[in-house]
Each structure stands twice: as C-alpha cells, then as structure tokens.
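Structure first, commentary second.
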Amino acid sequence: MSRRGYAPEDEKQFTGRELKLLQKAADEVQFLLDWGYDVKPVTTFVGNHYMFSERQRLALARSVSAKEYIRKRIHKELLQTGREYLPETVHIDSFNAIITLEVALSGSPIFCCRDGVLRDLAGLRGTYRIIDKTQEAVRLLLGHLEFLNILEAVFYCLYNGVKTLALRRNL
C-alpha cells in the first residue's frame, strides 16, 4: 500500500504542541511577509527560531502568503466567477487535484492555507506514478463534480512544461 506525501515524522510534527507552534510561527511569517520580506529567508529565520524541521518550514512556506497576495487572489476568483451559481464548465488542473486527494486518502497532511487553497507536501516534481489511491481519488473528484451538477469538466495536465488538454468529459 502506497502513502502519497507521507513521512513517519508527520504524526509528531503536525499535531499537538507542534501544531500550535506552527500556527504561532505562521502568524509571525504572515507579519514579515506583509512588510515585504521574501518567503524563503522569513521561513528560514522563523523556522530556526522554533527549531522546525525542513518539512515544517516547507509547510509554513506553502501555507502563508502576504495579505496583498491573498486579496489579489480572492479578487481574481470573484472576477472569474462573478455570479452566485456554478458554471456549466469547469477547468481543472488534474495533477494537483488528483495528487491532493491521494495525499488526503493516504492520511498525509493537507493544509488549508491562508489564501483559501488546500496544499500538501508531496513535492513530486515530475515523478508522479499511479498508486493504489489514484482510482479512488478520480472517483471522488468525478463524484463531486456530479454532485455540484457540473455539466462539463475540462482536465489539464502539465507535460514537459506545456499545459495540454488531457480530457474533456461531459458528466
């Protein structure tokens, strides 16, 4: 059985006291990002202060954004939807959606980030392979689209740096 994005130390590093420290550190990182500092040196500085592991620092870097970036992202989402109902057609970054679901099904950490996006720590970077959770992840994704009454989903994947249409499916 494969566990996408799993590391044995996650159970200690992202629960209890460690999780409370990460939340406190995230506030500090947020403050510094809002003052214009770059994320890498900020997470290194704050991570050193709390003696975080590299994985905990990665979680900080992936989960916190400057408030200005968050504001722009929310504004962009509102511009794209601009209505109170869901569109008939949705466009999906298939690898990110499937990998995040595989990570969740594996019991690995998923972070609800300050910009409203769910992120994981899998970090596959071109090494993706189908695992025993893949079929269930696809089933969940398609089932949710059906539940939302989405008539058409266009799935994209990134291959050799070029976004290509992977599948257009009427639901």
For Ile130, does the CD1 atom sit with more than 12 other heavy atoms under 6.0 Å from it, leaving out its own atoms?
no

**OP:** Check for a donor-acceptor pair, side chain of Ser94 on one end and backbone N or O of Tyr156 on the other, with a separation under 3.5 Å.
**Re:** yes

> Is the backbone of Ser63 close enough, under 3.5 Å, to the side chain of Arg114 for a donor and an acceptor to pair up by distance?
Replying inline: no

With sequence neighbours left out, the residues meeting side chain to side chain contact (heavy atoms under 4.5 Å, CB included) with Lys24 are Glu28, Tyr50

Nearest heavy-atom approach of Ala137 to Leu105 is N-CD1, 3.7 Å

Residues at least two apart in sequence or cross-chain that pass side-chain hydrogen bond (donor to acceptor under 3.5 Å, both in side chains) with Glu9, listed by chain then number, are none

| message | If the threshold is 4.0 Å, N to carboxylate O, is there a salt bridge linking Glu102 and Arg4? | response | yes

- Message: Could you check whether Arg139 pairs with Glu136 (Lys NZ or Arg NE/NH1/NH2 to Asp/Glu carboxylate O, under 4.0 Å)?
- Response: yes

Using atom types as modelled and distance alone, determine if a side-chain donor or acceptor of Thr100 lies under 3.5 Å from a backbone N or O of Ala97.
no

Strictly by modelled atom types, are Gln23 and Asp27 linked by a side-chain donor-acceptor pair under 3.5 Å? no

Query raised in the report: Any donor-acceptor pair under 3.5 Å linking the side chain of Arg57 with the backbone of Phe52?
Result: yes

Q) Sub-3.5 Å donor-acceptor pair from the side chain of Gln13 to the main-chain atoms of Ser53, do we have one? A) no

